[in-house]
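Worksheet: one structure, shown below.
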Amino acid sequence: MSSTDMKIITVIGSGLIGRSWAMLFVSGGYTVKIYDNQPGLAAKAITEIRKQMEELEEAHMLRGELSATQQLDLLSSYDDLAQALEGAFFVQECVFENLEVKQSIFQDIEGHVGKGVILSSSTSCLVPSNVFSKVQNRSRCLVSHPVNPPYYVKLVELVPHPETSAAVMDTTHALMTKVGQAPVCLKKEIDGFALNRVQAAIIAESWRLVQDGVISVKDIDLVMSEGLGMRYAFIGPMETMHLNAPEGLEDYMKRYGQGFMRVMNSFGPVPDFFSEGAKSIINEMCELIPSNREHLSARIERRDRLLRGLAKLKKDSDC
Ligand SMILES: NC(=O)c1ccc[n+]([C@@H]2O[C@H](COP(=O)([O-])OP(=O)(O)OC[C@H]3O[C@@H](n4cnc5c(N)ncnc54)[C@H](O)[C@@H]3O)[C@@H](O)[C@H]2O)c1
Ligand SMILES: *[C@@H]1O[C@H](CO)[C@@H](O)[C@H](O)[C@H]1NC(C)=O
């Protein structure tokens, strides 16, 4: 397929993530066709995207080189799968997180597209060998897992099926880079991919520290937001170690490796999130932020506003 053909992307499913992908792809100048199997929902999604894009443009936060009007001109909605897939070189699936639903939609999609078309899933928790088990040609399939909200958090985890071709990984990596995301490639599939495995490790130890009476819910969150998180927005754990000893990583391990191994060996078992003890941790959180819509929405709004600021800082400082 020549690169001049690579203009149209189909987004399957018009929920939160489908709308985010559509906004990202049009920001990179791609024509995006949105499909949803609930009649009218794809059209509704465009109305919602229009509102968001106009606000973003107003706030000078619109991504890409094109104006909101130009980006909106690249968008169209479909209630018919075959029409939605016509001409696409790349398909990004964003339907419910349900294995049967994903398997069946990919089987349908494969029946409507030519052989060079890349089939990509947004799944957070399902591995490619399950998601694509009903697809005939799995060399064209991969997971492209975004992080919420994708417009401000640029990471995309590219996870191959055992049969995915290197060319498909490369094309997807280039596409994600072109639309301004930050793709990373896993070399093989694994439950939780990379991001959620690291997140699980952090959650597990945070939970244990609270459960064991070492620290409060409020303070463990501060350990991240005022401590580790400050540098993790710019450098990861590997570079952190490399920079924290005069002669780099090997030196760091000589100084602190034993200590870290001792601490790691003292980690407790996987927490039980459904025990009586869990209830008291949940209550402690809810005393800080009550779990009703009003309080949660206010905190979500604050999170997204601060994330926008951080995204802008990273953009302005070129990192
Ligand atoms: N929400 C997140 O934070 C997040 C982050 C990363 C990845 N994801 C993944 O993205 C995917 C979508 O999540 P979401 O939060 O946008 O869900 P959502 O519930 O907001 O949207 C799902 C949309 O898919 C449509 N749909 C369902 N079955 C369909 C089918 N067979 N054909 C066409 N459309 C269909 C629904 O009508 C709905 O509009 C999930 O796999 C999820 O795990 C979500
Ligand atoms: C399978 O997909 C790959 C990658 O898109 C493509 O190059 C190849 O021609 C396809 N094979 C068949 C038999 O359709």
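These values consider heavy atoms only, across backbone and side chains, with no hydrogens, waters or symmetry-generated copies. Remember, it's 1-based here, ligands and their atoms both numbered in the order they're listed. In this chain, numbering begins with 1 at the start of the sequence shown.
- Taking atom 20 (O) of ligand 1 as the reference point, the nearest protein heavy-atom neighbour is Leu16 N, 3.2 Å.
- In this structure, of Gly13, Ser20, Cys94, the residue bringing a heavy atom nearest to atom 22 (C) of ligand 1 is Cys94.
- Under the side chain to side chain donor-acceptor pair (under 3.5 Å) test applied with Gln52, the options Glu54, Glu55, Glu48 reduce to a single match, Glu48.
- Once rounded to the nearest 0.5 Å, the distance linking CG of Leu296 with CZ of Arg303 reads 10.5 Å.
- Those atoms of ligand 1 with a heavy atom of His145 less than 4.0 angstrom away are 6 (C), 7 (C).
- Counting heavy atoms under 4.0 Å from ligand 1, residue Ile105 touches it through the side chain alone.
- Although no hydrogens or angles enter the test, the distance criterion places no donor-acceptor pair under 3.5 Å between the side chain of Lys102 and the main chain of Glu97.
- By the definition of a contact as any protein heavy atom under 4.0 Å away, atom 14 (O) of ligand 2 is in contact.
- At the shortest separation from atom 5 (C) of ligand 1 among protein heavy atoms lies Ile17 CD1, 3.7 Å.
- Residue Asn137 has at least one N or O atom closer than 3.5 Å to an N or O atom of ligand 2.
- Within ligand 2, counting atoms from 1 as listed, the ones closer than 4.0 Å to a heavy atom of Lys115 are 2 (O), 5 (O), 6 (C), 9 (O), 10 (C), 14 (O).
- Between Ser139 and ligand 2, at least one N/O pair is under 3.5 Å apart.
- A tilted orientation is assigned to the rings of Tyr30 and Phe89, their planes being inclined by 30° to 60°.
- Per-residue contacts place Asn148 under 4.0 angstrom from the following atoms of ligand 1 (heavy atoms of the residue considered): 3 (O).
- In terms of polar-atom proximity, defined here as any N/O pair under 3.5 Å, Asp36 does make such a contact with ligand 1.
- In the vicinity of Arg140, heavy-atom distances shorter than 4.0 Å reach the ligand 2 atoms 2 (O), 4 (C), 5 (O).
- Applying the 6.0 Å contact sphere to CD of Glu57 captures more than 12 heavy atoms from other residues, nucleotides or ligands.
- In this structure, of Val95, Ile109, Val153, the residue bringing a heavy atom nearest to atom 40 (C) of ligand 1 is Val95.
- Nearest heavy-atom pair across Arg63 and Gln71 is O-NE2, 2.8 Å.
- Between Glu189 and Ser129, the side chains place a donor N or O and an acceptor N or O closer than 3.5 Å (distance only, hydrogens not considered).
- Other residues, nucleotides and ligands place no more than 12 heavy atoms under 6.0 Å from the CD atom of Glu250.
- Considering backbone and side-chain N/O of Leu41, none are found under 3.5 Å from N/O of ligand 1.
- Heavy-atom proximity to Ser124, at under 4.0 Å, picks out these atoms of ligand 1: 6 (C), 7 (C), 8 (N), 9 (C), 42 (C), 43 (O), 44 (C).
- Looking at Val147 next to ligand 1, no N or O pair under 3.5 Å apart turns up.
- In terms of modelled atom types and a separation under 3.5 Å, the side chain of Glu110 and the main chain of Gln107 share no donor-acceptor contact.
- At under 3.5 Å, not a single nitrogen or oxygen of Glu93, backbone or side chain, sits near a nitrogen or oxygen of ligand 1.
- Heavy atoms from other residues, nucleotides or ligands lying under 6.0 Å from CE of Met261 number 12 at most.
- Among residues two or more places apart in sequence or in another chain, the side-chain contact (heavy atoms from CB on, under 4.5 Å) test is passed with Asn130 by Leu99, Val127.
- A salt bridge links Arg255 with Asp251: at least one charged nitrogen is closer than 4.0 Å to a carboxylate oxygen.
- Each of the atoms 37 (O) of ligand 1 lies under 4.0 Å from some heavy atom of Gln38.
- Taking the centre of each ring, Tyr252 and Tyr256 come in below the 6.0 Å mark.
- Nearest protein heavy-atom contact of atom 6 (C) of ligand 1 is Pro146 O, 3.2 Å.
- Atoms of ligand 1 found under 4.0 Å from any heavy atom of Thr123, numbered from 1 in the order shown, are 41 (O).
- Note that CD1 of Ile190 and CG of Asn196 are 12.0 Å apart. Values are rounded to the nearest 0.5 Å.
- For Tyr35, no nitrogen or oxygen atom sits less than 3.5 Å from a nitrogen or oxygen atom of ligand 1, counting backbone and side chain alike.
- Residue contact annotation: Gly116 has a non-hydrogen atom under 4.0 Å from ligand 2.
- Under a 4.0 Å heavy-atom criterion, Arg19 is not in contact with ligand 1.
- Annotation: atom 23 (C) of ligand 1 to nearest protein heavy atom, Gly15 N, 3.7 Å.
- In summary, the atoms of ligand 1 found under 4.0 Å from a heavy atom of Lys102, numbered by their order in the structure, are 40 (C), 41 (O).
- Considering backbone and side-chain N/O of Glu97, one or more are found under 3.5 Å from N/O of ligand 1.
- Remark: atom 17 (O) of ligand 1 lies closer than 4.0 Å to no protein heavy atom.
- Of the possible polar contacts, none joining the Ser280 side chain to the Glu276 backbone as a donor-acceptor pair under 3.5 Å is found.
- Proximity annotation for atom 30 (C) of ligand 1: of Val101, Asn37, Asn196, Leu195, Asn37 comes nearest, heavy atoms only.
- If you number the atoms of ligand 1 from 1 as listed, the ones under 4.0 Å from a heavy atom of Ser122 come out as 7 (C), 8 (N), 9 (C), 10 (O).
- Side-chain N/O atoms of Glu163 and Ser139 include no donor and acceptor closer than 3.5 Å.
- Arg208 places a side-chain N or O within donor-acceptor distance of the main-chain N or O of Gly268, the cut-off being under 3.5 Å.
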